[in-house]
There are 2 protein chains.
Amino acid sequence: MYEQLAKSIGEKVALTTEEFELCKTFFIPKKIRKKQTLLLEGDVCTYNAFIEKGVLRSYTIDDKGNEHIVQFGFEGWWVTDLSSYLTGANSIYTIEAIEDSELLLLTASAREELMIQIPAFERYQRLLLQNAYIALQTRVNSALNATAEEKYLNLTASYPTIIARVPQHMVASYLGLTPETLSRVRKQISLRK
Amino acid sequence: MYEQLAKSIGEKVALTTEEFELCKTFFIPKKIRKKQTLLLEGDVCTYNAFIEKGVLRSYTIDDKGNEHIVQFGFEGWWVTDLSSYLTGANSIYTIEAIEDSELLLLTASAREELMIQIPAFERYQRLLLQNAYIALQTRVNSALNATAEEKYLNLTASYPTIIARVPQHMVASYLGLTPETLSRVRKQISLRK
DNA sequence: AAATAAAATTGATTTAGATCAATGCCATTT
DNA sequence: AAATGGCATTGATCTAAATCAATTTTATTT
C-alpha cells in the first residue's frame, strides 16, 4: 500500500527505515471508486492526497456551467487544492476519481507535524512544490501563447500518460479547448503523416 | 538596503537579529539600470533576485519574434527562472529591469547553505513557493478560460500594482493579448460606466 | 444481447480576438 | 522649442477556434 509513496520520497530525499515507518503512521489510507469525489466545490480541502493507484482529476465549473479541468493525478502524484488545504478557505474545485483509486491522505496538521519530526520530509515537500511550480509555468506559457495544435502536441510530448489514460473530452477541457476542436486537431495531425 | 527583505521574511517566519545578520551575508547587493538585463536567454540563471527597489520583467521570445512576458517583479518580490536556477539548464527567459532597480542576489548554493544554517529560511522559501504556486494556478485558469476582458479585470482586481506601474503593451503581453485588443477592452470598460 | 447513454466525429456558421494599416500622442533627447 | 521614436488608439479585414447541429462510434447498464 505504501510502495508508490516510498518510491516518490526516495527519489527526492533519503529516509531511514524507522523514519519511513513513522511517516506512514501520519497517512490515512482510503479507497475511492470511479466517479466518487474526494472534495466537493464549496467544502474545505482537508486532505493532501497521494495516489498509490488510479487516476483523479480536479475541476471547476464556471458561470455558464462549463467544466474546466485544472489538474490530473496518477500513481505517484499528489492531488489537492493547495489554496484551500493551506488556508482553510472554501474550495472552488471538485476532486473526483476517474478510475477506482487508492489514496493516502494527509491532513494539513499531520503534514506540519511530519515536517517538524522529519526535516527531510519538509525538504521532500519543497522539492515537489518546486517541480510543480516549474511544470505550471510551462503550462501558463502554453495556455497563453500556443495554438490549439501546439497545446496538444506539447501535452503529448510532456505527459503522454494523460493522453493515454484520460478520455479525450477531458484532455480538451484540460487544454482549454472544446472537444470538437481537439478532435479536428487530432485529425489534422494524423492526416499529415 | 535590506529593509524589504527583512519585511518579507518577517511576514512569514521569525528570525533572531543574529540570524538575520547572518542571512544578509549570503546576499550580493546589485544595482541595475532600466533596460539592463539580469539574465539573458540561453544563459544559466545563477541568481534568485530579491527586489529591494524597482521593477523587473522576465520574458521569452517565440519563433515569430514575439515577446511574451512571463512574470513581473516589484519591491519585496523574488524574480528568477526557477527551472534554470535549480537545475542549471540554459534559460529560455530574459530578465530585464523596467525601472532602475536595487537587487539582492542569492546563488543556488548560497540558498542551500542558508536553508541548512537557518531552518526557518527553508520554511520561508517553502511558504513563498506555496503562494507563488497558488497565484500561478489562478493565472492558468484565467489564461485558459477567461475572455480578454475578464483577464484584464482579474488582473486589475488581483494586481493593481501591475496596471499602475507597467506600460500597457507589457500588460497586454503578460495577459497573452495584443496591445490593440487590450486598448479596445479598456475602451469598452470605460464607456460602460 | 439489447437498450441506453455518453463520447467522438464531421459539417455549417458565428465570433472573439489577431493582424494589417494609419493616425495621433506623449516623452525623451537634441 | 523642434525633432525623434516608441506608445496608444482607432478602423478595416481576416482567421482560429467556438458554437450549433446532426450522425456515428463506443461504453454502460439492464
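Here is the naming used below: chain letters follow the sequence lines, and residue numbers restart at 1 for every chain.
When each of Arg186(B) and Asn66(A) is assigned the nucleotide of DNA chain D with its nearest heavy atom, Arg186(B) is the one assigned upstream, toward the 5' end. In terms of position on DNA chain D, the residue among Pro167(B) and Ala148(A) whose nearest nucleotide sits closer to the 5' end is Pro167(B).
As a whole-Å value, the separation of Met170(A) CE from dA27(D) C1' is 13 Å. Atom pair Leu191(B):CG and dT9(D):C1' shows a separation of 13 Å (rounding to whole Å applied). Between the P atom of dA27(D) and the NE2 atom of His169(A) lies a distance of 13 Å, rounded to the nearest Å. Here the P atom of nucleotide dT9(C) and the CD atom of Glu180(A) are 11 Å apart, to the nearest Å. Residue Gln168(A) contributes atom CD, which lies 5 Å from atom P of dA8(C) at whole-angstrom precision. Separating the CD atom of Glu149(A) from the C1' atom of dT15(D) is a distance of 15 Å, rounded to the nearest angstrom. Across the protein-nucleic acid pair, Arg184(B) atom CZ and dC20(C) atom P stand 13 Å apart, rounded to whole Å. For Ile163(B) and dA8(D), the CD1 to P distance is 12 Å, given to the nearest whole Å.
Applying the 4.0 Å criterion to OP1 and OP2 of dT10(C), one finds that Lys187(A) has a side-chain N or O inside that range. For dA16(C), the OP1/OP2 oxygens have no side-chain nitrogen or oxygen of Thr147(B) closer than 4.0 Å. Phosphate proximity of dA17(D) to Thr178(A): absent, as no side-chain N or O sits under 4.0 Å from OP1 or OP2.
Among the atoms of the strands shown, only primed sugar atoms or phosphate atoms (P, OP1, OP2) are found under 4.0 Å from some heavy atom of Lys34(A). Within the 4.0 angstrom heavy-atom criterion, no nucleotide atom of any strand lies near Leu182(A).
Enclosure of atom NZ in Lys53(B) is not indicated, since only 12 or fewer non-hydrogen atoms of other residues, nucleotides or ligands lie within 6.0 angstrom. Summarising the local packing, NZ of Lys24(A) is surrounded by more than 12 heavy atoms from other residues, nucleotides or ligands at distances under 6.0 Å.
Here Phe72(A) and Tyr174(A) bring their ring centres to under 6.0 angstrom of each other.
A salt bridge links Asp100(A) to Arg33(A): at least one charged side-chain nitrogen sits closer than 4.0 Å to a carboxylate oxygen. In this structure, Lys30(A) does not pair ionically with Glu102(A), as no charged nitrogen and carboxylate oxygen lie closer than 4.0 Å.
Comparing dG17(C), dT10(C), dT10(D) against the side chain of Ser183(A) picks out dT10(C) as the nearest.
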